[in-house]
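Everything below concerns the one structure shown next.
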Amino acid sequence: MDVIVTKYNENWNRMFENEAQKIKAIFGAELIDIHHIGSTSVPGLQAKPIIDMMPVVKDITRIDSFNEQMKELGYECMGEFGMKGRRYFRKGGDHRTHHVHTFQFDNTEDIHRHLAVRDYLRIHSDIASRYGSLKEKLARQYPDDIEAYMDGKDSFVKNLEREAIDWYA
């Protein structure tokens with residue numbers, strides 16, 4: 001998978017809203033809320049142009065029953081995909097457009113972590129700028145190695161998550 005980091009795109013929020021409506025129609029009464037998370041949710045932040053979404057649902061085990069409908073929207077259904085209690089979907093193959101990270105409402109640790117990082121970066125533009133610069137540098141350094149790109153930002157992201165969670169609390 002190619003690593004492409006672009007400048008913030010004003011259309012990302014609209015893209016989130018459009019896809020959120022489709023997911024709301026599928027999850028129906030099981031859905032409590034749906035959040036735009038990740039770098040595309042932070043105005044001004046450079047990002048891989050992939051919309052990260054976080055539906056919060058009543059019962060995570062019921063989400064599996066929507067796999068066929070998600071496939072009809074173009075998603076791969078990945079199950080937990082390495083994170084206990086999550087249902088993960090991705091759209092676009094090697095040219096991904098959306099990631100859906102679904103959590104049950106009482107999984108407050110994962111839900112708060114995602115919201116904390118998003119809100120922290122929205123408030124702390126200096127840290128968002130450093131993060132964006134790091135991502136741009138890594139994308140230039142590893143344009144066709146997503147693993148090296150992820151490894152390169154790992155310590156920054158872990159520190160960011162700790163700071164954000166402390167701040168969020």
Side-chain angles (χ1 to χ4, degrees), residues 1 8-9 11-43 45 47-93 95-124 127-128 131 135 146-147 149-151 153-169:
M1 182 174 155
Y8 180 77
N9 183 333
N11 291 321
W12 287 339
N13 195 51
R14 181 186 48 77
M15 292 168 68
F16 161 76
E17 291 295 338
N18 290 343
E19 200 73 7
Q21 291 305 315
K22 296 172 187 174
I23 291 171
K24 285 177 187 177
I26 291 173
F27 288 3
E30 199 58 44
L31 184 70
I32 295 170
D33 205 350
I34 187 165
H35 301 276
H36 187 184
I37 59 169
S39 295
T40 62
S41 71
V42 179
L45 180 59
K48 293 191 313 291
I50 302 169
I51 308 301
D52 283 289
M53 309 173 74
M54 183 177 66
V56 177
V57 299
K58 295 174 185 173
D59 183 345
I60 196 69
T61 62
R62 291 188 186 149
I63 299 308
D64 297 330
S65 70
F66 302 121
N67 283 354
E68 284 307 312
Q69 290 167 282
M70 291 296 284
K71 285 179 187 175
E72 288 173 14
L73 278 184
Y75 284 94
E76 292 177 80
C77 306
M78 308 298 293
E80 289 186 332
F81 201 64
M83 187 178 293
K84 188 171 171 32
R86 170 178 75 165
R87 293 300 182 273
Y88 175 64
F89 304 88
R90 62 188 185 194
K91 185 176 188 176
H95 304 287
R96 275 200 213 119
T97 59
H98 297 79
H99 292 159
V100 177
H101 311 263
T102 309
F103 295 103
Q104 186 167 295
F105 74 96
D106 57 356
N107 184 346
T108 56
E109 182 178 337
D110 285 316
I111 293 168
H112 288 168
R113 178 174 50 85
H114 285 291
L115 296 176
V117 169
R118 178 198 68 190
D119 293 351
Y120 187 77
L121 288 171
R122 285 178 174 176
I123 299 292
H124 297 87
I127 295 168
Y131 185 37
K135 292 193 300 179
I146 190 69
E147 296 300 324
Y149 169 83
M150 299 297 285
D151 289 346
K153 62 181 197 149
D154 186 63
S155 67
F156 185 96
V157 169
K158 285 179 179 168
N159 188 52
L160 170 62
E161 284 181 352
R162 279 191 299 274
E163 288 177 16
I165 289 167
D166 288 346
W167 170 83
Y168 197 72

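Heavy atoms only: backbone and side chains are in, while hydrogens, waters and symmetry mates are out. If you read the sequence from its start, that first residue is 1, and numbering goes on from there.
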- Do the ring planes of W167 and H124 sit parallel (below 30°), tilted (30 to 60°) or perpendicular (above 60°)? perpendicular

- Message: What I'd like to find out is whether the side chain of L160 reaches to under 4.5 Å of the side chain of L121, using heavy atoms alone.
- Response: yes

- Yes or no on side-chain contact (heavy atoms from CB on, under 4.5 Å) for S41 and R122, after CA distance, side-chain angles and deciding distance? CA-CA 9 Å; S41 71; R122 285 178 174 176; 3.9 Å; yes

- Distance col, row L115:CG vs I37:CD1, nearest 0.5 angstrom, shows 7.5 Å

- Report yes if the side chains of F105 and D33 come closer than 4.5 Å at any heavy-atom pair, otherwise no. no

- State whether F66 and R87 meet the cation-pi test: NZ (Lys) or CZ (Arg) under 6.0 Å from the six-membered ring centroid, and within 45° of the perpendicular axis. no

- Heavy-atom closest contact (F16 atom, I34 atom, distance): CZ-O, 3.9 Å

- Query: After noting the C-alpha distance and the side-chain angles of F89 and N67, does the key distance pass the side-chain contact (heavy atoms from CB on, under 4.5 Å) rule?
  - Reply: CA-CA 9 Å; F89 304 88; N67 283 354; 3.4 Å; yes

- Task: Check whether any side-chain N or O of R118 sits under 3.5 Å from a backbone N or O of H36 as a donor-acceptor pair, and report yes or no.
- Result: yes

- Taking all atoms of both residues into account, what is the closest heavy-atom pair of I60 and Q104, and its distance? N-OE1, 2.9 Å

- Item | Side-chain heavy-atom pair K71, C77 within 4.5 angstrom cut-off | yes

- Item | Student check: side-chain heavy atoms of Y120 and I165 closer than 4.5 Å | no

- Note on the structure: Closest non-hydrogen contact found for I127 with F156 is O-CZ, 4.1 Å

- If you round to the nearest 0.5 Å, how far is NE2 of H112 from CG of N107? 10.0 Å

- Item | From CD (E17) to CE (M53), nearest 0.5 Å | 8.0 Å

N/O donor to acceptor pairs below 3.5 angstrom from side-chain atoms of residues 22-32, sequence neighbours left out:
unit_1: E30; atom_1: OE1; unit_2: R62; atom_2: NH1; d: 3.2
unit_1: E30; atom_1: OE2; unit_2: D59; atom_2: N; d: 2.6

- Message: Quick check: closest heavy atoms across E76 and G93, and the distance to 0.1 Å?
- Response: OE2-CA, 4.4 Å

- Any chance you could measure E19, atom CD, to H98, atom NE2, to the nearest 0.5 Å? 4.0 Å

- Message: One pair to check against side-chain contact (heavy atoms from CB on, under 4.5 Å): Y75 and V100. What are the steps and the verdict?
- Response: CA-CA 9 Å; Y75 284 94; V100 177; 3.6 Å; yes

- Query: Which class fits the ring pair Y88 and H101: parallel under 30°, tilted 30 to 60°, perpendicular over 60°?
  - Reply: tilted

- Query: Roughly how far apart are R96 CZ and I146 CD1, rounded to 0.5 Å?
  - Reply: 8.0 Å

- Message: Taking the basic N atoms (NZ, or NE/NH1/NH2) and the acidic carboxylate oxygens, is any pair closer than 4.0 Å for E161 and K158?
- Response: no

- Query: So, are R162 and D166 salt-bridged, with charged N and O less than 4.0 Å apart?
  - Reply: no

- With a 4.5 Å limit on heavy-atom distance, are the side chains of R86 and D110 in contact? no

- Task: Please round to the nearest 0.5 Å and tell me the distance separating atom OG of S39 and atom CG of D52.
- Result: 8.0 Å

- Do N159 and E163 have a side chain donor and acceptor closer than 3.5 Å? yes

- Message: Counting C-beta onward and ignoring hydrogens, is there a side-chain heavy-atom pair between R14 and N18 closer than 4.5 Å?
- Response: yes

- Is there a side-chain contact between K135 and Y149 (heavy atoms, below 4.5 Å)? yes

- Validation row: F103, H35 side chains within 4.5 angstrom (heavy atoms): no

